[in-house]
J.: 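Questions regarding the structure given below will be posed in turn.
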Amino acid sequence: MLKANALFIVIIVSLVIGIFCSSLILVSYFQRLQVQKDQLIKKLDLNANSAINILLSGSDIFSYGEEKTMDLYGNDIDSVTIKKMLWGIFEIGSVNSFSKNFQKWKSIIYGYKLDDRKCAIYLPDQNSPLSLGGSTFINGDCYLPESGVKRAYIEGQAFSFANLIQGTIKKSK
């Protein structure tokens, strides 16, 4: 004969087994979502790297200060926004790859080789000369504005060397 509480024990055991099985299904579901999210983030990272390669290719489709959105592979899935700016002699590239609610930002600073020799200083031509004072010493080729370089008093100290620049002076653009 069965005791009266046997049915109660069977119900409790089946309830525990059901909770365990449903929790396994739930963990599997969330793990699958995490894997898909990780794959999407890797894809966005690859898209950002591809957009940086396009930016570094030297193509003239990007003008300075303008933000341009483009589809990388023509499938309306891989979209990036590229912005190119000037920062002195260097250029700054900012890339945003996005898909649905996810996005990946990358920024780089890059420049181009001026010539075969080393450049000590480069100043863009903004109609003002380079002023040197104190014990400032510049050794190497210099790209300076058309107004050139002059001696100056900075904090009460005059320029202390005979030559302003030890090297050649070239005009900057």
Side-chain angles (χ1 to χ4, degrees), residues 17-132 136-149 164-173:
I17 291 173
I19 290 173
F20 180 72
C21 290
S22 63
S23 66
L24 282 178
I25 292 170
L26 194 62
V27 166
S28 173
Y29 171 74
F30 282 122
Q31 194 270 341
R32 182 173 174 226
L33 284 180
Q34 186 64 35
V35 167
Q36 288 176 345
K37 180 181 173 184
D38 289 345
Q39 287 176 343
L40 181 62
I41 288 173
K42 285 180 184 177
K43 183 178 178 182
L44 290 177
D45 191 44
L46 288 173
N47 289 346
N49 289 338
S50 297
I52 286 174
N53 287 334
I54 290 172
L55 188 65
L56 292 176
S57 70
S59 62
D60 293 333
I61 59 174
F62 306 107
S63 58
Y64 295 111
E66 179 184 346
E67 199 170 276
K68 187 167 186 174
T69 302
M70 61 187 296
D71 186 20
L72 283 177
Y73 307 113
N75 56 5
D76 293 331
I77 297 172
D78 303 306
S79 299
V80 293
T81 302
I82 301 173
K83 186 174 183 181
K84 183 168 119 176
M85 299 170 287
L86 277 177
W87 189 62
I89 192 171
F90 298 106
E91 295 180 7
I92 295 176
S94 180
V95 173
N96 178 21
S97 62
F98 55 91
S99 177
K100 298 177 186 170
N101 295 334
F102 297 98
Q103 58 183 346
K104 179 81 172 190
W105 284 91
K106 285 192 175 187
S107 294
I108 60 169
I109 184 169
Y110 61 100
Y112 300 102
K113 190 174 181 180
L114 291 174
D115 58 12
D116 291 336
R117 290 191 239 157
K118 293 182 180 178
C119 175
I121 191 168
Y122 182 94
L123 292 177
D125 193 0
Q126 295 179 344
N127 297 327
S128 62
L130 172 64
S131 299
L132 299 177
T136 304
F137 184 76
I138 299 176
N139 185 12
D141 296 341
C142 298
Y143 290 85
L144 299 177
E146 192 171 329
S147 54
V149 62
L164 291 168
I165 293 178
Q166 305 295 324
T168 59
I169 299 174
K170 299 179 182 180
K171 291 183 181 177
S172 63
K173 297 177 183 176

J.: Going from CG on Asp78 to CG on Asn47, what distance comes out if it is rounded to the nearest 0.5 angstrom?
T.: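 If I round to the nearest 0.5 Å, the distance is 4.0 Å.
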
J.: I need the single residue from Lys104, Lys83, Gln103 that forms a side chain to side chain donor-acceptor pair (under 3.5 Å) with Asn96. Which is it?
T.: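 Testing each of Lys104, Lys83, Gln103 against Asn96, the sole residue satisfying side chain to side chain donor-acceptor pair (under 3.5 Å) is Gln103.
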
J.: List the steps and the verdict of side-chain contact (heavy atoms from CB on, under 4.5 Å) for Ile138 and Leu130.
T.: CA-CA 12 Å; Ile138 299 176; Leu130 172 64; 4.2 Å; yes

J.: For a side-chain contact (heavy atoms from CB on, under 4.5 Å) check, start with the C-alpha distance between Lys43 and Ile77, then their side-chain angles and the critical distance, and finish with the verdict.
T.: CA-CA 10 Å; Lys43 183 178 178 182; Ile77 297 172; 3.3 Å; yes

J.: Using the side-chain contact (heavy atoms from CB on, under 4.5 Å) rule, take Val80 and Ile54 through it: C-alpha gap first, then chi angles, then the decisive distance, then the call.
T.: CA-CA 11 Å; Val80 293; Ile54 290 172; over 6 Å; no

J.: Any side chain to side chain donor-acceptor pair (under 3.5 Å) pairs touching residues 32-42, not counting sequence neighbours?
T.: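 Of all non-adjacent pairs touching residues 32-42, those that pass side chain to side chain donor-acceptor pair (under 3.5 Å) are Gln34-Asp38.
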
J.: What's the shortest heavy-atom distance between Ser147 and Ser128, and which atoms?
T.: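 So the two residues come closest at OG-C, 3.1 Å.
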
J.: Might you confirm whether atom CZ of Phe90 has over 12 heavy atoms from other residues, nucleotides or ligands at distances under 6.0 Å?
T.: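 No, CZ of Phe90 has 12 or fewer neighbouring heavy atoms, counting only those of other groups under 6.0 Å.
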
J.: Determine yes or no for a side-chain-to-main-chain donor-acceptor pair under 3.5 angstrom, with Ser172 supplying the side chain and Leu123 the backbone.
T.: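 Yes; judged by distance alone, with no hydrogens or angles, the pair exists.
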
J.: Could you name each residue pair satisfying side chain to side chain donor-acceptor pair (under 3.5 Å) that touches residues 61-73, not counting sequence neighbours?
T.: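 Found Ser50-Tyr73, Ser63-Glu66, Tyr64-Glu91, Thr69-Thr81.
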
J.: Enter the distance from Phe98:CZ to Trp105:CH2 here, rounded to the nearest 0.5 Å.
T.: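 Going from CZ on Phe98 over to CH2 on Trp105, the span is 9.5 Å.
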
J.: Mind checking whether Asp125 and Lys171 have side chains closer than 4.5 Å, heavy atoms only?
T.: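 No, too far: nothing below the 4.5 Å cut-off.
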
J.: Can you name the nearest heavy-atom pair linking Leu55 to Phe62, along with the distance?
T.: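 Nearest heavy atoms, Leu55 then Phe62: CD1-CD1, 4.0 Å.
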
J.: Could you check whether any side-chain heavy atom of Ile121 comes within less than 4.5 Å of a side-chain heavy atom of Ile165, counting everything from C-beta outward?
T.: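 Ile121 vs Ile165: side chains apart.
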
J.: Rounded to the nearest 0.5 Å, what's the gap from OG on Ser79 to NZ on Lys100? Could you check?
T.: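 Answer rounded to 0.5 Å: 12.0 Å.
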
J.: For the OG atom of Ser94 and the CD1 atom of Ile109, what is their distance to the nearest 0.5 Å?
T.: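 Ser94 atom OG to Ile109 atom CD1 measures 12.5 Å (nearest 0.5 Å).
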
J.: Working to the nearest 0.5 Å, report the span between CG of Leu164 and CD1 of Ile169.
T.: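 Interatomic distance, Leu164 CG to Ile169 CD1, rounded to 0.5 Å: 7.0 Å.
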
J.: I need the Phe102 CZ to Leu44 CG distance, nearest 0.5 Å.
T.: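 Answer rounded to 0.5 Å: 8.5 Å.
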
J.: Can I get a per-line list of side-chain donor-acceptor pairs under 3.5 Å for residues 19-29, giving both atom names and the distance, sequence neighbours left out?
T.:
| from | atom 1 | to | atom 2 | distance (Å) |
| --- | --- | --- | --- | --- |
| Ser22 | OG | Gly18 | O | 3.1 |
| Ser22 | OG | Ile19 | O | 3.0 |
| Ser23 | OG | Ile19 | O | 3.3 |
| Ser23 | OG | Phe20 | O | 2.7 |

J.: For residues Ile82 and Met70, determine if any side-chain heavy atom of one lies less than 4.5 Å from a side-chain heavy atom of the other.
T.: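 Counting from C-beta outward, Ile82 and Met70 do come under 4.5 Å.
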
